[in-house]
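The structure displayed is predicted, hence computed values, not measured ones. Just follow the structure's listing: the first ligand is 1, and inside any ligand the first atom is 1.
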Amino acid sequence: MEKIDILVVGAGFAGLRALYKFRSIGYKVQVIEASPDIGGVWYHNGYPGARCDVESYDYSYSFSPELEQEWRWSERYATQPEILRYINHVAERFDLRKDIQFNTRMTQAKYDEMTAQWVVRTESGQVFQSRFLMMCVGQLSAPKTPQYPGLESFKGEVIHSGKWPKRKVEYAGKRVAIIGTGSSGMQMTPVIANEAAHLTVFQRTPNYSIPAANAPVSDEEDSWVKANYRERRERAWNSPTGLGFMPNKTSALDVTPEEREKAYEASWNRLGFGFALTYYDILLNKQANDTAAEFIRKKIAGLVNDPVLREKLTPKDHPFASRRPSVDSGYFQAFNRDNVELADVREFPILEFTSEGIRTQNKHHLFDMIIFATGFDVFTGSLFKPEIVGRHGMTLKNKWADGPVTHLGIGVSDFPNMFIVVGPGSPSLLSNVLVSTEEQIDWMANLVQSMKQQNAVEMEVDPQAEKTWGQHINDRVKETLYLSTDSYYNGAEVAGKPRVFMPYSGGVRGYRRILQQCASEGYSGFRFYPSPAALTRSEDLAKA
Ligand code: NAP
């Protein structure tokens, strides 16, 4: 049995950052990673056209000014291969690989209450013993494949965007299907359309999208950002989304239609996600939202030639950004090509897969390759894959049977000495997740240091604090339009999942202040124990 201080599960951006941080303050850290290499979602999502829709300079670590200065991003929005090169550079530069064990899938983590240790078992039968368990398993890492009748009978290739094969996938000259029009489907569509003989995109819900306006990074721009990097980071940390954009303080409804049009136009080809902050109330007020949604609909109308297609591709059934919009590079324009077809599954549902393709209610579509861009079991999918057992045999799955409960998205009562990074209850997917990741890990490290100073061996969330935080999450989201539609934010992406709003919508800046206040109050809502609480209880009982 290997004894360590911090067992980190997952070697994506979060796991590597946790390793770096805790190792640098003197803890023995072991990272275990189910995949053969580092990168997490960026290791697996190698589909054509995959790139980040947060600007490269912001979707990068801020902990090392040297790293910031030496890394040269080539494009405003980095491609998946470039991001993976960056992650590998970081791993080499800070000698991280030596503490990562690959091809190691955790099957169970069980908390031993008497010794205050996590006992972690892996698929191969290895056992680790660790004081802290740190879950860095990502929110978008449990791919979801709808189970259609006949799926197994299809003779061609079937691929999920979130488990893209490492070999070269040959789609040139082939008849290809993409199912799903979230960010992944929208990103790959124009790229695959360029080379496939025929591409059919199966759409259930039309999605809003903002043009990426991607461009190479010039030397001047690179020098400018590097000369001002601290200020840029400060802006990101203190902005609602962690993207550095401050919302316009004006309401979309307090200006003339002409002014509004001008403002939207100015944001459109420049800001990516920042478009949603053109006015502060776009996500707070339906009428304000309608003005932004209508602007996007007009833009789509200008991009798609065929009126019937245009109608089908236009999102109308939910407010803009109440579900995750995309940032695209030529998605709508791809439908003007002769080799691209839209299959609207609301109009003609998929009945079955056949050996040759997909049969919908109106047609038998023939394919050589079918790509599922159908997303993930978001937030909880990867946390529920292993069995996590806390006090009194309580499993995380049972604890969260009605939806996740946490204190600050960081800890869970009954699961002492366990941290969850950018999971439910934190800004997570409503933020630039790199900003939230670094913020949380540094804060957790301070908490662990504080425990050390107080000679505490065990930390556990107070159930009352958990209730208060859950209430706060609900109060904040009620101020927004997020609850007005089904989305993966509220568990609608998987049938039978509890319908609970999972991320924290109060913003990165607000969350940061809450974390700071919690720390200044001696980590309010977290109880520290000088010896295992269960041991003390059993000794007390014995004495009595
Ligand atoms: P997603 O946003 O969840 O989209 C899944 C798509 O598949 C949706 O269009 C969904 O339709 C459709 N779908 C699911 N089940 C279906 C079914 N049974 N039949 C027909 N259609 C079905 O997944 P994603 O595109 O992989 O993106 C997930 C998240 O990953 C993004 O929101 C983003 O946070 C992140 N991401 C980021 C980037 C980036 O940074 N550039 C790129 C890719 C992904 P409905 O909408 O009707 O459910």
Side-chain angles (χ1 to χ4, degrees), residues 13 40-42 44-56 58-59 75-80 82-83 138-149 151 159-164 177-189 191 200-210 212 214 241 243 272-273 313 315 317-318 321-329 331 342-353 358 360 370-379 381 422 427-434 436 485-495 497 502-503:
F13 266 110
V41 287
W42 294 107
H44 289 290
N45 283 260
Y47 59 81
R51 58 172 81 238
C52 188
D53 43 24
V54 172
E55 287 194 32
S56 313
D58 302 309
Y59 197 82
E75 291 179 81
R76 184 174 178 205
Y77 296 101
T79 60
Q80 176 264 347
E82 186 167 10
I83 294 172
Q139 321 76 28
L140 298 162
S141 41
K144 191 185 68 169
T145 304
Q147 291 306 302
Y148 295 108
L151 185 60
I159 303 175
H160 194 290
S161 61
K163 278 260 176 276
W164 199 259
I178 297 174
I179 305 178
T181 54
S183 298
S184 305
M186 284 177 122
Q187 281 188 335
M188 69 174 80
T189 290
V191 183
T200 307
V201 178
F202 289 81
Q203 170 191 273
R204 189 163 66 181
T205 310
N207 200 0
Y208 293 94
S209 187
I210 302 145
N214 186 35
T241 54
L243 295 167
F273 279 131
L313 286 164
D317 67 351
H318 62 279
S322 58
R323 323 172 92 220
R324 170 69 147 74
S326 187
V327 174
D328 75 289
S329 301
Y331 172 72
L342 183 76
D344 180 343
V345 301
R346 288 215 199 272
E347 189 180 6
F348 298 114
I350 293 175
L351 298 180
E352 59 171 354
F353 277 42
I358 295 177
T360 56
I370 296 175
I371 299 169
F372 281 102
T374 43
F376 304 86
D377 180 352
V378 184
F379 290 112
V422 285
S428 188
L429 296 180
L430 293 179
S431 69
N432 171 358
V433 83
L434 256 268
S436 294
T485 189
D486 284 351
S487 73
Y488 65 58
Y489 298 137
N490 51 39
E493 84 288 12
V494 174
K497 202 166 162 171
M502 283 176 278

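Within ligand 1, the atoms closer than 4.0 Å to a non-hydrogen atom of Arg323 are 45 (P), 46 (O), 48 (O), numbered from 1 in the order shown. Interface atoms of ligand 1 facing Tyr47, defined by a heavy-atom separation under 4.0 Å, are 42 (C), 43 (C). Taking every heavy atom of Tyr148 and a limit of under 4.0 angstrom, the matching atoms of ligand 1 come to 17 (C), 18 (N), 19 (N), 20 (C). Atoms of ligand 1 found under 4.0 Å from any heavy atom of Thr181, numbered from 1 in the order shown, are 6 (C), 8 (C), 9 (O). Atoms of ligand 1 lying under 4.0 Å from at least one heavy atom of Arg51, given by number and element, are 39 (C), 40 (O), 41 (N).
Residue contacts with ligand 1: Gln187 is included, with a non-hydrogen atom under 4.0 Å away. Using a 4.0 angstrom heavy-atom cutoff, Tyr77 does not count as in contact with ligand 1. Look at Phe202 and you'll find every heavy atom at least 4.0 Å from all atoms of ligand 1.
Considering only non-hydrogen atoms, atom 11 (O) of ligand 1 lies nearest to Arg204 out of Met188, Arg204, Met186, Gln147. In this comparison of Ala373, Gly182, Ser184, the heavy atom closest to atom 24 (P) of ligand 1 sits on Ser184. When the heavy-atom distances from atom 13 (N) of ligand 1 to Val327, Thr374, Thr145, Thr485 are ranked, the shortest goes to Thr374. Counting only non-hydrogen atoms, the option in Asn45, Ile178, Asp53 that gets closest to atom 38 (C) of ligand 1 is Asp53.
Two rings, from Tyr59 and Phe13, have their centers less than 6.0 Å apart.
Side-chain contact between Thr205 and Arg346: present, with at least one pair of heavy atoms (C-beta onward) separated by less than 4.5 Å. By the 4.5 Å heavy-atom criterion applied to side chains, Val378 and Leu140 are counted as neighbours.
The protein atom (non-hydrogen) at minimum distance from atom 32 (O) of ligand 1 is Tyr488 OH, 2.6 Å. Ranking the protein heavy atoms by distance from atom 12 (C) of ligand 1 puts Gly180 CA, 3.7 Å first. The protein non-hydrogen atom at the shortest distance from atom 23 (O) of ligand 1 is Gly375 CA, 3.2 Å. Remark: minimum distance from atom 37 (C) of ligand 1 to any protein heavy atom is reached at Arg324 NH2, 3.7 Å. Scanning the protein heavy atoms around atom 35 (C) of ligand 1, the nearest turns out to be Leu140 CD1, 3.5 Å. Among protein heavy atoms, the minimum distance from atom 36 (N) of ligand 1 is reached at Ser183 CB, 4.0 Å.
A donor-acceptor contact under 3.5 angstrom links the side chains of Ser431 and Ser436, judged on distance only.
Between Phe353 and Phe372, the ring planes are parallel. Angles under 30° get that label, and only those over 60° would be called perpendicular.
Counting heavy atoms under 4.0 Å from ligand 1, residue Phe273 does not touch it at all.
The NE2 atom of His160 sits 5.5 Å away from the CZ atom of Phe376 when rounded to the nearest 0.5 Å. Distance check: Thr374 OG1 to Glu493 CD gives 11.0 Å after rounding to the nearest 0.5 Å. From Ser487, atom OG reaches atom CZ of Arg324 across 12.0 Å, with rounding to the nearest 0.5 Å. Distance CG/Asp328 to CE/Met188: 13.5 Å, rounded to 0.5 Å. The OG1 atom of Thr145 sits 7.5 Å away from the CG atom of Leu151 when rounded to the nearest 0.5 Å. Atom-to-atom distance recorded for Arg323:CZ and Asp486:CG is 7.0 Å, nearest 0.5 angstrom.
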Could you give me the CA-CA distance, side-chain angles and deciding distance for Gln187 and Gln80, then say whether side-chain contact (heavy atoms from CB on, under 4.5 Å) is met?
CA-CA 12 Å; Gln187 281 188 335; Gln80 176 264 347; over 6 Å; no
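Close N/O approach between Thr205 and ligand 1 is found [any backbone or side-chain N/O within under 3.5 Å].
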